[in-house]
2 protein chains.
Amino acid sequence: MSRPKAPRVSMADVAKLAGVSSQTVSRVANGHPSVVGTTRQQVLAAMKQLDYRPNSAARALKSGQFRTIGVILFTLSSTGNSRTLEAIATHAALQGYAITLIPVAMPTQDSVLGAFTRLGELAVDGVIVIMEVHLLDAATVTLPPNVQVVVVDSDAGDRYTVVDTDQADGARQAVAHLLELGHRTVWHVAGPEESFASGRRAQAWRDTLAAAGREIPPPLRGDWSAESGYRAGLALADEPGCTAVFAANDQMALGVLRALHERGRSVPADVSVVGFDDIPDASSFIPPLTTVHQDFAEVGRRCVEGILRQIERGETEHGTALVPTRLEVRTSTAPPPRHGASR
Amino acid sequence: MSRPKAPRVSMADVAKLAGVSSQTVSRVANGHPSVVGTTRQQVLAAMKQLDYRPNSAARALKSGQFRTIGVILFTLSSTGNSRTLEAIATHAALQGYAITLIPVAMPTQDSVLGAFTRLGELAVDGVIVIMEVHLLDAATVTLPPNVQVVVVDSDAGDRYTVVDTDQADGARQAVAHLLELGHRTVWHVAGPEESFASGRRAQAWRDTLAAAGREIPPPLRGDWSAESGYRAGLALADEPGCTAVFAANDQMALGVLRALHERGRSVPADVSVVGFDDIPDASSFIPPLTTVHQDFAEVGRRCVEGILRQIERGETEHGTALVPTRLEVRTSTAPPPRHGASR
DNA sequence: ATGCGTAATGTTTACGTAAACATCAGCTCG
DNA sequence: CGAGCTGATGTTTACGTAAACATTACGCAT
């Protein structure tokens, strides 16, 4: 373990060179006002000459703060997660906070528990959870008492600060758009059952149809993947009455597009398709996909704001903040085929 | 700043409860052998009762190690980066290391320099850079002396440990596949000029054609985005002699597919298209895309191994490790149209 | 029996920082 | 003109851990 190391430069070294006490060096480092200009210059010069860098471990030990936020997530393979993470990292950096990644191998309670246990020994002041919250329940007991939590995409607003895309309104916009175009009803390719976002989108789809007095077709279930969308799309292609599809994310919409294409159903002439997320590729699908745009950057920003507020104040907040969505209309949607033509 | 806190449980507290010295607690915590069974049990029980968690700041201060790896990257929006990061995080966690994310706002030397300066004060034992290395040159001076570096996708093997996908072989396989199908030559949609990966793929494309004695069409240049691929695709659709396209990544291939589709050129009957990356959606493109599969998980694994080896040994290694690629043949490639038919 | 080695545990110390407290010089005001 | 104040800087201490060193107690060989 003991390896040859360039011994680190400490405040004491700087102090000696500058001819002051180490406390004065500390004051300069922290921008304390009561250091006179000339002294400050000397210290600064000494710091530069020795290439001094504050030791964050010592600082953390003394202050009890790490200036670090942990982010717990299951996977980065979904666009939403990685874009949110990126925004979190960027905003945290702006506030002088670092991000520590805590990957959870599998979305099981055991794994999550393990991640939180590791976290208990980890140097973080707060945690942002990008994951289904019901998995978190068992884990909360293992959280150190003074670590705050913010959750993305969840209904746990009564226990945590929750930041969420306005799933319901996004889905409503998508369905309303299709109805306005004249479609009788809208079919739905839902996400996995255990996903909160998926549930909210499906519920809003159902509600919007019900509010308009339309028939509610049985939803098809996918797992977010394009492949599962393809399977759903094959089924939909065989439904003669199906002229409009709302897929719960863009990847499944991609699969639906492929299935319809293979079955000779033209989009949007025969069937209209709407997605959710607005991933960068959506505008290059065949045809370019009408989809619900999510502002991941804003979600990330609010997460950081929320967690920092809690860290500063030292107390947990509750409540849910919704980030608005907006329908991005491209060319995968059109009025339904005229009645005569479609039979 | 002084906030009401649950005072943290320290070794001394555990020691008092267990009726031993804090050093014995330390020995138990670190699995030191010379603690007799009964004592160990007492300490363990006390730890559990008090919900003791080691303080990583104090541990880091004492040992000089943080058990943390920093990852510097510019963006997570590319599949490759986020998948690599995920693999890095997973493998680091397996070894008991945490990952600290250092996002760089813009790919400029200034930004990178800033990130490294911040890093200087950060608690990391090593750094993995997922980024064009030429931006790193100015930054190395600001790196603390005992922080090791591993680089992904670069030609800096003479200065750093480099882990890279075998770009050249992947591109070669793609081009060879198209030539074997009977295409006279292969057009190329390249990535951005400043990208090392892009350059390697383009060079291998050129070399493979040259080795086969084929004509080398002028490469088109994109920026990795589907939109840029679309623009390139429109140009290619107007090239009568173009029957085969090798796009430097899957997203640009997606754009090419759309352009060809819009121009009424059928894939693969009229034109064959090959991509690079094998993103999950590639199998759901219209048609499913033949592409070069990259093993991002393996890249991440080797990065972590490399950096840990350097951290253990305390010295920098040089050299490049190549992760093999493999051609995933789907239905976007076929023999060229028969001569008579195409005119 | 005496001494010595060894295994188990306790005591001291240092890591680098920053809060708390102490000191000292210069200045204002009664 | 000196008491008291203020601003600049120095000294002490504590944060939690673990290495290094110190101290027991016990067993075994002479």
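Within every chain, numbering begins at 1; the chains are lettered A, B, ... in the order of the sequence lines, protein sequences first and strands thereafter. FYI, side chains are in, hydrogens and waters are out, and symmetry mates aren't considered; it's all heavy atoms of this structure.
Picking from D:dG10, C:dT17, C:dT11 the nucleotide with the shortest atom distance to the side chain of A:Met11 gives C:dT17. Comparing C:dT17, D:dA8, D:dG10 against the side chain of A:Val20 picks out D:dG10 as the nearest. The side chain of B:Ser26 sits closest to D:dA18 out of D:dG16, D:dA18, C:dG16. Closest to the side chain of B:Pro54, out of D:dT17, C:dT9, C:dA19, is D:dT17.
Counting to the nearest Å, the P atom of D:dG10 and the CD atom of A:Gln42 are 10 Å from each other. A straight line from CG of A:Leu61 to C1' of C:dG16 spans 9 Å, rounded to a whole angstrom. Rounded to an integer number of Å, the gap from CG of B:Asp13 to P of D:dG16 is 8 Å. To the nearest angstrom, C1' of D:dG16 lies 12 Å from CD of B:Gln23. Going from atom CZ of B:Phe66 over to atom P of D:dT17 covers 16 Å, rounded to whole Å. With rounding to whole Å, B:Lys16 atom NZ is found 12 Å from D:dG16 atom P. Atom CZ in B:Arg53 sits about 19 Å away from atom C1' in D:dC15, given to the nearest Å. Straight-line distance from the CZ atom of B:Arg67 to the P atom of D:dT17: 16 Å, rounded to whole Å.
Between A:Arg59 and C:dA18 there is a side-chain N or O to OP1 or OP2 distance below 4.0 Å. Within the structure, every side-chain polar atom (N or O) of A:Asn55 is placed at least 4.0 Å from both OP1 and OP2 of C:dC15. Phosphate contact (OP1/OP2 of C:dA8, side-chain N/O of B:Thr39, threshold under 4.0 Å): absent. When the side-chain nitrogen and oxygen atoms of A:Thr24 are compared with OP1 and OP2 of D:dG10, one or more of them lie within a distance under 4.0 Å.
Here the straight-line distance linking atom CG of A:Asp125 with atom CD1 of A:Ile311 works out to 5.0 Å at 0.5 Å rounding. Atom CE in A:Met11 sits 15.5 Å away from atom NZ in A:Lys16 (nearest 0.5 Å).
Under a 3.5 Å cut-off, the side chain of A:Thr161 and the backbone N or O of A:Glu317 do form a donor-acceptor pair. A donor-acceptor pair is defined here as one N or O able to donate and one able to accept, closer than 3.5 Å; no such pair exists between the side chain of A:Asp164 and the backbone of A:Val152.
Taking 3.5 Å as the limit, the base of D:dG10 and the side chain of A:Arg27 contain a donor-acceptor pair of atoms between them.
Between A:Tyr52 and B:Gly19, the residue anchored closer to the 5' end of DNA chain C is B:Gly19, taking for each the nucleotide with the nearest heavy atom.
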Subject >> Worked check of salt bridge (Lys or Arg N to Asp or Glu O under 4.0 Å) between A:Arg302 and A:Glu305 >> reply: CA-CA 5 Å; A:Arg302 293 204 194 178; A:Glu305 270 178 10; over 6 Å; no
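Note on B:Ser34: a base of the nucleic acid sits closer than 4.0 angstrom, heavy atoms only.
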